[in-house]
Every structure is written in C-alpha cells, then in structure tokens.
Engineer: 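Questions regarding the structure given below will be posed in turn.
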Amino acid sequence: MLKSTSVKDALNSPSAQDAFLVQGWVRTRRDAKTFSFIEVNDGSCLKNLQVIAPSTLANYAEIQHLTTGASVAVRGKLIASQGQGQKWEVAAEEVTVIGTADATYPLQKKGHTPEFLREIAHLRPRSNLFGAVFRTRSRLAFAIHKFFNERGFVYVHTPIITGSDCEGAGELFRVTTHDLANPPKREDGLIDDAKDFFARRTYLTVSGQLEAEAFACALSKVYTFGPTFRAENSNTSRHANEFWMIEPEVAFCDLQGDMDLAEDFVKSLIRDVRTNCAEDLELFAKFVDKELLARLDFVLERPFQRVSYTEAVELLKNSGKVFEYPVEYGVNLQSEHERYLTEVMFKCPVTVYNYPKEIKPFYMRLNDDDKTVTAMDVLVPGIGEIVGGSQREERLEVLEANMRRHHLDPKDYGWYLDLRRYGTVPHAGFGLGFERMLMFVTGVSNIRDVIPFARTPGNAAF
RNA sequence: UGCCCGGUAGCUCAGUGGCAGAGCAGGUGACUGUUAAUCACUUGGUCGUAGGUUCGAUCCCUACCCGGGCAGCCA
C-alpha cells in the first residue's frame, strides 16, 4: 500500500514524486475548464496542498460537489506547480471522497470570529487560526521540557488529587466518591470525611509547589508541568478553571537566581517558538496582533526591568497618572498598576520583587527588614502577571511563625516542615502559567482560545 | 460575583412602532491555471426566551438565558 505524505512534507519535498498519496480535509475547491482545483489541509502546517483533479476522473461529478470540510484521499503525482503561490501541487489520478460535509458545515473559507469558533470547539482546530494556535501550543510544551532537560532539571509528576486545602492559591474543587444525596454523617451531623475514598477530605490540586519543594530538596533541580484546578468564579480573558502550569524549584538558590531563571526561561521559550513556529507566528502577526513579532523580538533583546515593590509604588505614585485605585504601600498592585508599569512605563517585561509580607503567602522567605518577603512577579505587556515565585522560607522557626501569622496550624504541615528539620537549604521557585505564556507568544488575547476545550464558569461542554 | 456592551439568514452585519435586508457560504448556470477566483440567477428567518405597553412590537419596558469587555481572585 502506498504510504501517505503529510502536506507539510509534500510542500517541502526536494523533488517531484511519481507515486504520491495525501489525505486530509478540503479547505476550498474551484473549477477550471477541464479540471478542478482542490485545496487539501491535514493540519501538519498552515498551508494547503493544491490538487488538480482532471475531468477525466471517473467520479468527477462527485468531486465537483466537494465542499469545505469534506475528507479526501488523493493519489497521483507530486509535480511542480504551474501557478503562483506554491512550489508543488498534486496531479490527481484518483480522488477518493471519504466523508462529505454538507451545507450545514459551520466552517467557511473566510472570516470567523473567535467567539463563534468557541461554540464549535470540536471543529475549530480545522481553522487556520486554531490549527496554528494548537501547533504552537504543542511546540511550546516541547520547548519547556527541552529547556529544563538541557539544564539538568528532573521532571516531577506531583499529585493531581491533594489532601492539602491550605496551599494558599484560591478555591478548590472537592474530590469525593460520596453519594451526594446521602453522604455518611458523623454523630454531630457533619459529613464524615473519614469514610470517603481517601479517608480524608481531598481536592484537585491548585499547585504542585509544596511537593516540588520536597523533590528539589533531594534532586536539587526539578520542575513540574501539569494541570491545575481553581474553583474561582473568574470571568476574565486570562483566567480558566483548568489550566497548565510549570513550576521549577531549585535547591541552593536565592531570589536573585530565581529571577534570573525566570527571565532566561521566558526568553528561551520565545526564542524557540520564534524559530520553530515561524509560519504560524506570521499568521498571528497578520490577523491577530500586528505588533506581535516586533514585541517578541524586543523582549528577547532587552533585559527585564527589575524593580522592588517599594520602588514600583514610588514610580506609580510619581508617574502623574491618575489611577482608579490609588497606589499605596501595603496594598496589592491592581491590574491597572501592573499594566502601566509594563505597557506604558517600561514597555517590556517587568520583574517586581520584595513584596510586603502581609500580602503574600506563608512559605515566602522573610527578608532581614522584617517587613518584606522574597516574592517576585513577572509582568508582561497585554497579559499582566505571567510568573509568580519566591525564595522559600527555609528556617524552621521563621516558617512556623509565618504559618501562625497566616492562621495556619503547623501541625497540618508536618511533612513540609520536615524539609526544614532535616538538611534544610535555601531554595526558590516559581510558577509560570502555560496558557498565559502561549497567549503572549501568539498574541491571542483570550485564554479560552489557547485551550483545546476550555473550562470556565458555567462551561464544560465537550 | 459586580459594572458596561451586545443577541436579526449557516457566518459577518445593516435596519424600522406598520410586507424582513446586504455581503459571504449553499444551489443552478456561465467563464476560467485558479488560489478569500470572477459574473448572473437563486434557496434560506420563531428578529435570544417569557411577559408587558400598544390597534399593531424585531423595534419601547421588565425579567431571564446566552455571548463579549472590564474589575476582583491569580497563573
């Protein structure tokens, strides 16, 4: 049996081919006098392969009724194209219509809004835009593993079901096998978690950080890359309830090293996608964000601006800009503040570090000033926070004090505190939102459009 | 969850208190190595849903549903 060739390989073919087979979906068809042009796409690349189907084919009447969306197998010869716009085309000797697509097929060969395509999430990867997005998503995931692998990091799979409800990163989804209509109750009438599947209350993870710390304190340099779940009722273009996150964790590393790693990481990912998804990025630059390529190149060239939280507050206060929410030391930076820093003031990624201890979680290392902790956030234009990280508190007594200050009971964190009891070391890490990074490199402005089947409040169809 | 904007043909959108419109897609034909092909003709509607005001509502009012933007939570 003749082996099929992908459209991508066909278009890159070094020579003509006599025995040629391509399989894919019809994007568009045009009739000429004695033949029909069929453009076939199989998702291997953005471009289509042009097929010349002569009227002498036995099923030519059927071919003339091919519409956008139909699936075909084309056997023939790969030959140099007479027309403009493509090097190679297929002179068909046999066109097998595998599956037709009638007039109800929702995709057309021109202009669809992302909002419409979201409603047909099962068909949208057949569009140019979403094909490009998901090819880029795949490459970005690969680039992440490549980056860490080349630097000696160990990939750790942290649990998706967790018993810890105090990770400090928002609302959690409960995991239970209880009969919700009739759960086992204790004597006091409350639901008996001890009789649940894991003999305790469990949730979907909101972060693998605490577990990653355990492995960093053994394998030195580790990272996680997996799904996380947050039950927040967020309705914005940059929040989803199921998303993927990368969390490197490095032993013998301080905040400075952490910031260096984050910057190196973000730049490496941009560089990789820039060279390996060039064709798809051209599409984004043309139809999604005209300034995309210039911005990506600019980010690669320049060091990220680093400012302490205290400096950032001063800069914002002295900017003369009137904000809806006034800036004040001790409060969280609002979106408008972050955007002003990264989009107006510096026009490049900004790393803000050393935040007041009151507004950051318990595990961040207390600075000598006793006022700030070693937190750092990387802000990028158009998206805002893309990285959040810190050096972790490695001193047992200080960590326990932090917990009490956050109204957490150290007894609930026995294993986590053990990491400080036995051979504690300074260590640091961060979380990078995979989808936010993908938004940044594609210019796509809604997180729902970079996830194959997005989960957002009220939406889990598909 | 709050505030704002929207919902009219398969898609993108006009429109009006009194017979429902265009472009694209689909169909038919013409033309043609075309490439978002072109030209002519043509099919296609519960005007988001339910109430209300009115002689009459797609239009005005109310509620709800759905979509989008922004904010909070964060990645």
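Numbered from 1 within each chain, the chains take letters A, B, ... in sequence-line order.
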Engineer: Just the rounded figure in Å: distance from C1' of B:rC73 to CD1 of A:Ile359.
Structural biologist: 14 Å

Engineer: In terms of the angle between their ring planes, are A:Tyr223 and A:Phe153 parallel, tilted or perpendicular, with boundaries placed at 30° and 60°?
Structural biologist: perpendicular

Engineer: Is any side-chain heavy atom of A:Asp289 less than 4.5 Å from a side-chain heavy atom of A:Arg295?
Structural biologist: yes

Engineer: Just call it for A:Gly83: base, sugar-phosphate, or nothing, with non-hydrogen atoms closer than 4.0 Å on any strand.
Structural biologist: base

Engineer: Can you give one letter per nucleotide of nucleotides 36-44 of chain B, 5' to 3': B if a protein heavy atom sits under 4.0 Å from the base, S if only from the sugar-phosphate, - if neither?
Structural biologist: BB-------

Engineer: Under the criterion of centre distance below 5.5 Å and interplanar angle below 30°, is A:Phe243 classified as stacked on the base of B:rA75?
Structural biologist: yes

Engineer: Expressed in angstrom and rounded to an integer, what is the separation of A:Gln50 atom CD from B:rU35 atom P?
Structural biologist: 10 Å

Engineer: If the P atom of B:rG7 is compared with that of B:rC47, how far apart are they to the nearest Å?
Structural biologist: 14 Å

Engineer: Could you measure the distance from the CG atom of A:Leu366 to the NZ atom of A:Lys360? Nearest 0.5 Å is fine.
Structural biologist: 15.0 Å

Engineer: Measuring only the C1' atom in each nucleotide, how far is B:rU12 from B:rG68? A whole number of Å is fine.
Structural biologist: 16 Å

Engineer: Near A:Lys47 NZ, under 6.0 Å, is it more than 12 heavy atoms from other residues, nucleotides or ligands?
Structural biologist: no

Engineer: Which residue pairs pass the ring pair (Phe, Tyr, Trp, His ring centres under 6.0 Å) test when at least one of the two sits in residues 62-92 of chain A, sequence neighbours left out?
Structural biologist: none

Engineer: Tell me the interatomic distance from A:Gln209, atom CD, to B:rA75, atom P, rounded to whole angstroms.
Structural biologist: 9 Å

Engineer: Would you say the base of B:rU35 and the side-chain of A:Gln84 have a donor-acceptor pair closer than 3.5 Å?
Structural biologist: no

Engineer: In plain terms, say whether A:Lys286 and A:Glu282 are close enough for a salt bridge, that is, a side-chain N and a carboxylate O under 4.0 Å apart.
Structural biologist: no

Engineer: When you compare B:rA63 with B:rG2, how far apart are their P atoms, in angstrom units rounded to a whole number?
Structural biologist: 13 Å

Engineer: So, using side-chain hydrogen bond (donor to acceptor under 3.5 Å, both in side chains) as the criterion, who are the partners of A:Gln82 when residues are at least two apart?
Structural biologist: none

Engineer: When rounded to the nearest 0.5 angstrom, what is the spacing between CG in A:Leu379 and CD in A:Gln305?
Structural biologist: 12.0 Å

Engineer: So what does A:Glu89 touch, heavy atoms closer than 4.0 Å: a base, only the sugar-phosphate, or nothing?
Structural biologist: base

Engineer: Considering only NZ, NE, NH1 and NH2 on the basic side and carboxylate oxygens on the acidic side, decide whether A:Arg29 and A:Asp31 come within less than 4.0 Å.
Structural biologist: yes

Engineer: Suppose you measure atom P in B:rA22 against the same atom in B:rA37; what distance do you get, rounded to whole Å?
Structural biologist: 23 Å

Engineer: Using a 4.0 Å heavy-atom cut-off, does A:Tyr105 contact any base of the nucleic acid, only the sugar-phosphate backbone, or nothing at all?
Structural biologist: nothing

Engineer: Do nucleotides 66-72 of chain B as a string where each nucleotide becomes B, S or -: B if the base has a protein heavy atom under 4.0 Å, S if just the sugar-phosphate does, - if no protein is that close.
Structural biologist: --SSBBB

Engineer: Say you pick atom P in B:rG48 and the same atom in B:rA9; how far apart are they, in whole Å?
Structural biologist: 8 Å

Engineer: Any donor-acceptor pair under 3.5 Å linking the side-chain atoms of A:Glu394 with those of A:His427?
Structural biologist: no

Engineer: Please measure how far the P atom in B:rU46 lies from the corresponding atom in B:rC59, and state the result in whole Å.
Structural biologist: 16 Å

Engineer: Please report the distance separating the P of B:rC5 from the corresponding atom of B:rC61, rounded so that it comes out in whole Å.
Structural biologist: 12 Å

Engineer: Rounding to the closest angstrom, what is the interatomic distance between B:rG23 and B:rA40 at atom P?
Structural biologist: 10 Å

Engineer: Rounded to the Å, how far apart are A:Gln86 CD and B:rU35 P?
Structural biologist: 11 Å

Engineer: Just by distance, with hydrogens left out, do A:Arg238 and A:Ser335 show a side-chain donor and acceptor under 3.5 Å apart?
Structural biologist: yes

Engineer: Measure CG/A:Asn241 against P/B:rA75 and give the value in whole Å, please.
Structural biologist: 15 Å

Engineer: What's the CE-C1' distance between A:Met364 and B:rC74, to the nearest Å?
Structural biologist: 12 Å

Engineer: Expressed in angstrom and rounded to an integer, what is the separation of A:Glu338 atom CD from B:rA75 atom P?
Structural biologist: 11 Å

Engineer: Atom CD of A:Glu435 and atom P of B:rA75: how far apart are they, to the nearest Å?
Structural biologist: 14 Å

Engineer: Under a plain distance cut-off of 3.5 Å, with no hydrogens placed, do A:Arg27 and A:Asn128 share a side-chain donor-acceptor pair?
Structural biologist: yes

Engineer: What distance do A:Phe173 atom CZ and A:Ile161 atom CD1 have between them, rounded to the nearest 0.5 Å?
Structural biologist: 14.0 Å

Engineer: What would the secondary structure line of RNA chain B be in dot-bracket form, counting Watson-Crick and G-U wobble pairs under 3.5 Å, with [ ] for pairs that cross earlier ones and | for pairs with another strand?
Structural biologist: (((((((..((((....[..)))).(((((.......))))).....(((((..]....))))))))))))....

Engineer: Is any NZ, NE, NH1 or NH2 atom of the basic residue among A:Arg365 and A:Asp254 found under 4.0 Å from an Asp or Glu carboxylate oxygen of the other?
Structural biologist: no

Engineer: Do other residues, nucleotides or ligands put more than 12 heavy atoms under 6.0 Å from the CZ atom of A:Phe304?
Structural biologist: yes

Engineer: What nucleic acid atoms does A:Leu107 come within less than 4.0 Å of, heavy atoms only: base, sugar-phosphate, or nothing?
Structural biologist: nothing

Engineer: Can you pull out the residues from residues 53-76 of chain A that lie within a 4.0 Å heavy-atom distance of RNA chain B?
Structural biologist: A:His65

Engineer: Could you grab the distance from atom SG of A:Cys253 to atom CG of A:Asp258, nearest 0.5 Å is fine?
Structural biologist: 5.5 Å

